[in-house]
Amino acid sequence: MKKTLLSFLTMVLVCCFAFAQSFTEKNIDTMIGDEGSDIASGDLDGDGDIDLVVSTYFFNGNMPTQDYIKWYKNDGNGNFSVETDVSSTITWVEGLATANIDGLFGDDIIATSVSQNKLVYFLSNGSGFGPEVVVDPSITGPGEVATGDINQDGHIDLVAASFSNNRTQWYSGDGAGGFTSETDIENGTTDGPYYIDLADFDGDTDLDVLVGFVNSQSIEIYYNQFIESGSTSVSWIKDTVTVDSGNSFLFGAIFADVNNDGAMDVVKVDFTSGNVAWFNKVKNGTSTSNVINNSSIIGNPGSVLVADIDNDTFNDVIVTDGGVVDDAIVWFKGADNDNPSSTATFITNNNHILYDITAADFDDDTDLDLATVGNASDTVQWYENDFITLSVNEVIIDQLSIYPNPTKDILNFKGELSETMTISVYDNMGKEILTSIIDSNHNTLDVSKLSSGMYIIKFEGYDANFKFMKL
């Protein structure tokens, strides 16, 4: 659908950039097929390293031809191998996500096909992927797909938008690959739902849904009533106040904590105006719009990502170019309980046209790297973040070290703890898992409830990290 909507646009804006963050661009694949569209990351083979999956959407004058879903195995050091195609029969892939549907091997791949009107998944077997499994064969004109545990039963559920049927649907998972179509999140309008994201926006511990509509060019929030119901049932209530409307070409909408105040915000991408803006939304109340990127920086933004890429514990905002003029990826430095910087930091310059971006620690050095798929270049790249490279045994704060590493239950901090320090534990996808405080009297951290894998400890107020392995 993005291709259909983009076919009539001409991009003419020019962009200038400020100072540079150190990233090294590295090629993964230069022959992915025609018109790369989406990219996602996850541990696809269950070996503890973050792999990549990409899809293509070959518009070809509104005539679907051959498209692909491909995955790339990571050896843990950022060396990616091109693996056997996941699919070469699916066409016009619009939604792409990863999640461990069946609890086995590694993360599985979920996708939607606009031209084939279906929602499908491919199960990981630890070394590749099984055949396509159809969740919904009649989701007409599907847009994005998102994953999460909506009914809090411990299993992955799916949410997908049906643009043509004007429905946003969710499917409850049974943890073994089975899905049941549940009551729609929203329907009955002609607004054309397309963009989807999940997060606990209202702070009640269940997942809410953000929907971006193409026809009405608006963004709405639908609150999950699972907790409020008190009866372990899911229903949905729309926020009484629209998050945003009047966009010229809505190109994306996500939940994220942009101002680093601990609460979720909403971020939107408007392709034609050039605005990437965040909204400090109050539940059932007003939304305050704050522009991050405008047309003088990147004229036609293709995607937005919110993540901490400079290891200062604050989320930053990364924007890619979806046009043919600016050819760039830039980022805006985040701040504590404040707007991101208004100065764009240059990451790279190319002619790839980037509609999607993902972040993870691909080379296992404790900072978040980036990866993209080029629509014009038909390539996959990752960008090594050179901001910091630390080993797990390196002494970084007042001769502080950690042991044992790897650990099963308790992590000990050894050294001179001259002050109280707040620490946060992140997984290698950059998601914060837990926070704690250490000092001379409390110098241990209980990690027994964490899943096995690699984690990063960040110290609030310090440009320093530890990495540890949970057994």
Side-chain angles (χ1 to χ4, degrees), residues 1-21 37-38 143-144 192 194-195 197 210 212-219 242-256 258-259 265-281 287-307 309 315-334 339-357 370 372-377:
M1 296 297 288
K2 282 185 181 178
K3 301 296 169 115
T4 307
L5 296 169
L6 277 170
S7 61
F8 66 93
L9 290 176
T10 301
M11 285 66 78
V12 296
L13 297 174
V14 178
C15 176
C16 58
F17 304 100
F19 54 94
Q21 167 80 5
S37 181
D38 289 274
E144 293 183 343
Y194 205 75
Y195 304 102
D197 202 11
L210 183 72
F213 295 89
V214 171
N215 291 339
S216 64
Q217 291 292 300
S218 61
I219 302 171
T242 297
V243 178
D244 185 42
S245 60
N247 292 285
S248 51
F249 191 168
L250 186 64
F251 215 60
I254 62 172
F255 283 128
V258 176
N259 62 341
D265 309 302
V266 175
V267 190
K268 68 97 177 272
V269 177
D270 188 326
F271 184 88
T272 302
S273 74
N275 283 347
V276 175
W278 71 278
F279 299 86
N280 195 359
K281 176 78 169 77
S287 292
T288 303
S289 176
N290 306 272
V291 175
I292 305 168
N293 177 87
N294 58 49
S295 60
S296 68
I297 301 173
I298 289 185
N300 299 111
S303 65
V304 63
L305 175 71
V306 179
I309 62 170
N315 283 331
D316 311 301
V317 180
I318 303 98
V319 179
T320 71
D321 174 43
V324 296
V325 175
D326 301 319
D327 302 331
I329 305 174
V330 300
W331 69 286
F332 302 83
K333 183 175 176 60
N339 276 295
S341 170
S342 59
T343 302
T345 305
F346 182 81
I347 291 177
T348 191
N349 184 36
N350 54 45
N351 61 351
H352 294 170
I353 301 182
L354 306 172
Y355 293 147
D356 203 3
I357 188 169
L370 305 173
T372 60
V373 57
N375 183 260
S377 60

Novice: Do any N or O atoms from the side chain of N375 and from the backbone of S37 form a donor-acceptor pair under 3.5 angstrom?
Specialist: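 Flag not set: sc N375 to bb S37 has no pair under 3.5 Å.
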
Novice: Rounded to the nearest 0.5 Å, how far apart are CG of N293 and CD1 of I318?
Specialist: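 Reported value, rounded in 0.5 Å steps: 12.5 Å.
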
Novice: Working to the nearest 0.5 Å, report the span between CD of E144 and CG of D197.
Specialist: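 The CD atom of E144 sits 8.0 Å away from the CG atom of D197.
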
Novice: Output the distance between atom CH2 (W331) and atom CG (D316), rounded to the nearest 0.5 Å.
Specialist: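 Reported to 0.5 Å precision, the distance equals 4.5 Å.
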
Novice: Indicate yes or no: at least one non-hydrogen side-chain atom of V266 is less than 4.5 angstrom from one of W278.
Specialist: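 V266 does not reach W278 side chain to side chain.
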
Novice: Closest heavy-atom contact between L250 and S218?
Specialist: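 So the two residues come closest at CD2-O, 3.7 Å.
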
Novice: Is it the case that D270 and S248 place a side-chain donor and acceptor less than 3.5 Å from each other?
Specialist: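 Looking only at side-chain atoms, S248 and D270 do form a donor-acceptor pair, the distance falling under 3.5 Å.
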
Novice: Testing the basics here: between S289 and A277, what is the closest heavy-atom pair and its distance to 0.1 Å?
Specialist: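 Closest heavy-atom pair between S289 and A277: OG-CB, 3.9 Å.
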
Novice: Taking all atoms of both residues into account, what is the closest heavy-atom pair of V330 and F346, and its distance?
Specialist: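 Shortest heavy-atom contact: CG1-CA, 4.3 Å.
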
Novice: Show the nearest heavy-atom pair for residues S303 and I357, with the distance to one decimal.
Specialist: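 The pair with the smallest heavy-atom distance is OG-CG2, 3.6 Å.
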
Novice: Side chains of L305 and L370: closer than 4.5 Å at any heavy-atom pair?
Specialist: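 In short, these two side chains touch, coming nearer than 4.5 Å.
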
Novice: What are the two closest heavy atoms between D321 and I298, and how far apart are they?
Specialist: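 Where D321 meets I298 most closely, the heavy atoms are OD1-CG2, 3.7 Å.
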
Novice: Quick check against the 3.5 Å criterion: does D265 have a side-chain atom that pairs as donor or acceptor with the backbone of N280?
Specialist: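 The answer is no, because no donor-acceptor pair under 3.5 Å joins these two groups.
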
Novice: When rounded to the nearest 0.5 angstrom, what distance separates OG1 in T345 from CD1 in I309?
Specialist: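 Here the rounded value is 7.5 Å.
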
Novice: Please name the residue in the list V243, T242, I219 that meets the side-chain contact (heavy atoms from CB on, under 4.5 Å) test with S287.
Specialist: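 Result: among V243, T242, I219, V243 is the only option passing the side-chain contact (heavy atoms from CB on, under 4.5 Å) with S287.
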
Novice: So which heavy atom on V258 is nearest to which on P340, and how close?
Specialist: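 Scanning both residues completely, I find the closest heavy atoms to be CG1-CG, 3.6 Å.
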
Novice: Parallel, tilted or perpendicular: which describes the rings of Y355 and F251, with under 30° parallel and over 60° perpendicular?
Specialist: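 If you compare the ring of Y355 with that of F251, the planes turn out perpendicular.
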
Novice: Judged by atom type as modelled, is there a donor-acceptor pair below 3.5 Å linking the side chain of N247 to the main-chain atoms of Q217?
Specialist: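 A pair under 3.5 Å: yes.
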
Novice: Any chance you could measure L210, atom CG, to F255, atom CZ, to the nearest 0.5 Å?
Specialist: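 The CG atom of L210 sits 4.5 Å away from the CZ atom of F255.
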
